[in-house]
Every structure is written in structure tokens, then in C-alpha cells.
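All values below come from the heavy atoms of this structure, side chains included, with hydrogens, waters and symmetry mates left out.
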Amino acid sequence: MWAVFKFEWNRLWRSKSMWIACIAAVIIIIADFVEYIRIFDQNSERSLYYSWLGVNCEFYTGRYFFMILPMLTSLGYSWSACHDRISGYINQIITRTSRFKYFSVKFMVSFISGGIVFAGALILHIMLLATMYPNTEPVPGDLNSFMDPFRFCSDLFYTNTYLFVLVWLLTAFAWGGAMAGICLVTGMIIKKPAITPIVPFMF
């Protein structure tokens with residue numbers, strides 16, 4: 001199984017679509033960061049966590065990122081199952097290994113590719129923000145905060161911010177992987193590579 005995983009993993013990083021998805025995510029994140037540069041006040045003591053995309057989408061760039069995120073995560077590697085079926089490549093694989101191993105590895109690699117796109121973009125965003133804003137603890141009741149009691153891990157945001165960021169990144173990785181998984185399953189059913197990335201967007 002390790003040999004199959006290694007082959008699919010190398011195939012992932014040789015695919016143009018994975019690089020296109022990563023570059024597109026990076027461009028949007030940088031565009032969002034440029035908006036923060038435009039309004040940056042050097043005397044501001046606003047915590048970097050208030051501006052992080054895991055907490056707040058303050059500009060249109062952040063909203064666009066989450067709008068097209070399902071397609072970005074699907075572009076990574078989820079198309080491969082559909083492509084293998086159309087090209088007949090799957091027939092060569094399943095004669096050398098079991099169907100279970102093939103589809104399990106395919107799902108794992110697709111899941112990881114989607115997680116990398118989503119969580120990687122959030123990591124880049126907080127790293128860029130850290131070059132401008134101080135790494136100060138969020139203050140409950142602060143008018144600068146967009147966090148309310150009904151949002152994801154709101155208590156953790158104020159009590160242990162580092163753990164909050166870690167939990168959010170793991171959740172983002174899981175969401176990215178889930179969207180890529182939806183696309184992969186769709187590609188196993190529908191022989192239309194151009195349609196499969198749209199399905200997670202519709203969900």
C-alpha cells in the first residue's frame with residue numbers, strides 16, 4: 001500500500017492543477033493582505049487574530065476566497081479518479097493491486113491535497129498579518145473583535161488563542177479534505193472532469 005501511496009503522492013505534486021490551486025489561493029491571500037496594508041495604522045495595537053481569515057472576513061478578497069474555496073480544494077487532485085477512468089489507466093492499476101488499496105490511497109491523497117490548500121492558505125495569512133500586527137491576546141468585550149459567543153470555539157479564542165488557531169487549522173484541513181473527497185466520489189460516478197470540481201461548490 002505504501003508503494004501505491006508514494007506513487008499517487010508524487011503524481012499529486014507533478015500535476016499542474018495542484019500548483020494552480022495553490023498559486024490561486026496564495027494570490028487571493030496576498031490580495032487580502034494588501035488591503036490590510038492599505039488601512040494599516042502603525043500606532044494600532046490591534047491583535048493580529050482579529051484580522052485573521054479564521055475569525056473575520058473584513059474585505060471582499062476574504063469573501064471571494066471562501067466562495068471559490070470548494071473549487072480550489074477540488075482542483076488539487078480530486079480529478080484524478082475521473083481521469084483514470086476515462087483514460088483506462090485504472091484498469092492497469094487494479095490488475096497490479098486491489099481496488100480497496102487503489103481507492104483508499106486515492107481518497108487519502110485527495111483529502112490531503114484539499115486540506116493543504118485550505119489550511120495552507122490560512123497559515124500564510126496569519127504569517128503575513130504577523131509582520132504588521134502585534135501578537136497580543138484578544139480582549140473580551142473589545143470593540144475591535146468580531147468574535148461573539150455563538151461562533152466556533154469562541155471561549156477558546158479568548159482563553160487560549162494558540163490552541164484556538166490550531167483547532168481552526170485542523171478543522172480547515174478537515175473541511176478542505178472533505179470537499180476534495182466529495183469531488184473524488186463524484187469523479188468516480190460522472191465521467192466529466194470539468195463538472196466534478198463544481199459539485200463541492202454546489203454543496
Close side-chain approach of [X] to [Y], heavy-atom, < 4.5 Å:
X    : Y    : value
E137 : Y158 : no
L163 : F157 : no
S47  : N135 : no
K106 : V4   : no
W168 : V55  : no
Y36  : Y133 : yes

More than 12 heavy atoms from other groups under 6.0 Å of CH2 on W175:
no
Could you pull out the closest heavy-atom pair between I28 and T61, with the gap in Å?
CG2-O, 3.4 Å
Looking only at non-hydrogen atoms, find the nearest pair between A121 and F65 and report the distance.
CB-CZ, 3.5 Å
Between the main-chain N or O of [Y] and the side-chain N or O of [X], is there a donor-acceptor pair closer than 3.5 Å?
X    : Y    : answer
S17  : G76  : yes
S74  : A180 : no
S113 : S110 : yes
W19  : W13  : yes

Got a sec, which residues hit salt bridge (charged side-chain N to carboxylate O under 4.0 Å, His left out) with R38, two or more places apart in sequence or on another chain?
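Once residues adjacent in sequence are excluded, the partners of R38 under the salt bridge (charged side-chain N to carboxylate O under 4.0 Å, His left out) criterion are E35.
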What residues, two or more places apart in sequence or in another chain, satisfy ring pair (Phe, Tyr, Trp, His ring centres under 6.0 Å) together with Y64?
Y60
Residue of the set L53, V165, L169 for which side chain to side chain contact (heavy atoms under 4.5 Å, CB included) holds with I126:
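Only one of L53, V165, L169 forms a side chain to side chain contact (heavy atoms under 4.5 Å, CB included) with I126, namely V165.
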Are M127 and I37 connected in the hydrophobic side-chain network, where two residues link if heavy atoms are under 4.5 Å apart?
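Same hydrophobic cluster.
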Does L12 share a hydrophobic cluster with L75, counting links as ILVMFWY side-chain heavy atoms below 4.5 Å and allowing steps through other members?
no
